[in-house]
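Residue numbering restarts at 1 for every chain, and letters A, B, ... go by the order of the sequence lines.
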Number of protein chains: 2
Amino acid sequence: MSAPISHDMRDGLREHRRKLTRPRQAILDIIASADHHLTPAAIHKRARKKYPHLGLVTVYRTLDLLTELGYVQRVHFDDGCHSYIAAPHGHAHHLVCSTCGKAQEFSDCDLDALIATLQRKTGFEISVHMLELMGRCPACAASQKALTRQARSQ
Amino acid sequence: MSAPISHDMRDGLREHRRKLTRPRQAILDIIASADHHLTPAAIHKRARKKYPHLGLVTVYRTLDLLTELGYVQRVHFDDGCHSYIAAPHGHAHHLVCSTCGKAQEFSDCDLDALIATLQRKTGFEISVHMLELMGRCPACAASQKALTRQARSQ
DNA sequence: TTCCAACTGAAAATGTTTTTCATTTAGAAA
DNA sequence: TTTCTAAATGAAAAACATTTTCAGTTGGAA
């Protein structure tokens, strides 16, 4: 069992001489406890319940900071990339449900062979990769199947 | 040797009963002949040289259409996703130079084993994946090395 | 030719992100 | 504790990106 991410983020701030303010705490709590990706606007809306004075600009600034420190990642979709999600401090990818937005982490992406081959073939020096998988989470898949069954039986 | 992508795009439009207008031709030519990813604004600027009356809205609309037909893909970076690039009609990924933007296509992404394992472990039904590799193209790597050598010898 | 769905540009609306600036605050140092 | 300052804040405005609306135009099938 790993320590809560919000603890890590607090430690990370301290290490980088950054302050742990009330607005930031509110934002951290939302991000750390969400298992879905969230837009800056959505984070702002939720965090305001704990700290009503919070400005949207601070959300953007905090997301930038946490991204830089590696605790938060932007989530990319074909049709828009305005969402963020917590990540462990280190290399990780997400598996995202395209129906409900639920995300699951995984770290063993295993692209070394592919990258080596491409480097050899193309001469590019590959330093970064972005991998994202999308599909239906177990819950959404189940309710979809239930719906189909129901429709067929009518 | 494959046929020019712009031909494919023209055919694709015809198949879908969409018109091949002058504004669209100008946009198609820019996209098909670029080996770099381009933002809508950049496409607009370039295409205006061929068709000065062209509106930016039409660029957005044409990009939407070509994306839907599968001839164009959005390029994703950690810090912004406002660029587009031509893709063969079908599954493909890009290897992008983070210095100059040059892009190279590849299609053999070989993720089947990873996807199968994750499906089994998580219960997700994975239907889509996004993979993007970034690094330095041969030319940029070479000029970087030349710079470093020069700096060292001073 | 005719005709109409598809397409267009301009303008305005909407949405997202960044900048600026005067004020406040966390937390290290005294 | 109190003092002090770099870091952080919110509000407003600016900048940038994207979509909608609408009246007029056009490609290409009939």
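Nearest-nucleotide mapping onto DNA chain D: of A:Lys19 and B:Lys19, the residue sitting toward the 5' end is A:Lys19. The 5' end of DNA chain D is approached more closely, in terms of each residue's nearest nucleotide, by A:Leu54 than by the other of B:Arg14 and A:Leu54. For B:Arg22 and B:Val57, each mapped to the nucleotide of DNA chain C holding its nearest heavy atom, the one lying further toward the 5' end belongs to B:Arg22.
Distance, B:Leu56 CG to C:dA11 P: 14 Å, rounded to whole Å. Note: CG (A:Leu69) to P (D:dA7) measures 14 Å, nearest angstrom. What separates NZ of B:Lys45 from P of D:dC16 is a distance of 13 Å, to the nearest Å. As a whole-Å value, the separation of A:Leu63 CG from D:dA8 P is 15 Å. The distance between atom OH of B:Tyr84 and atom P of D:dA17, rounded to the nearest whole Å, is 12 Å. As rounded to whole Å, 11 Å separates atom P of C:dA11 from atom NE2 of B:His53. The CG atom of B:Leu20 sits 15 Å away from the C1' atom of D:dA29 (whole-angstrom rounding). Atom pair B:Gln25:CD and C:dC7:C1' shows a separation of 14 Å (rounding to whole Å applied).
Within the structure, every side-chain polar atom (N or O) of B:His16 is placed at least 4.0 Å from both OP1 and OP2 of C:dA6. Contact annotation: B:Arg61 does not reach the phosphate of C:dT8 (side-chain N/O to OP1 or OP2, under 4.0 Å). Put simply, A:Thr21 has a side-chain N or O that comes within less than 4.0 Å of OP1 or OP2 on D:dT9. For B:Arg17, no side-chain nitrogen or oxygen approaches OP1 or OP2 of D:dG28 to under 4.0 Å. For B:His82 and D:dT18, the shortest distance from a side-chain N or O to OP1 or OP2 is below 4.0 Å.
A salt bridge links B:Asp29 with B:Arg10: the distance from a Lys NZ or Arg NE/NH1/NH2 to an Asp or Glu carboxylate oxygen falls below 4.0 Å. For B:Arg61 and B:Asp64, the salt-bridge test fails: no basic side-chain N is under 4.0 Å from an acidic carboxylate O. A salt bridge does not link B:Asp78 with A:Arg74: every distance from a Lys NZ or Arg NE/NH1/NH2 to an Asp or Glu carboxylate oxygen is 4.0 Å or more. Using a 4.0 Å cut-off between charged side-chain N and carboxylate O, B:Glu68 and B:Arg18 make no salt bridge.
A centroid separation of less than 6.0 Å is found between the aromatic rings of A:Phe77 and A:His37.
Closest contact between the side chain of A:Asp64 and the listed nucleotides C:dA10, C:dT18, D:dT19 involves C:dT18.
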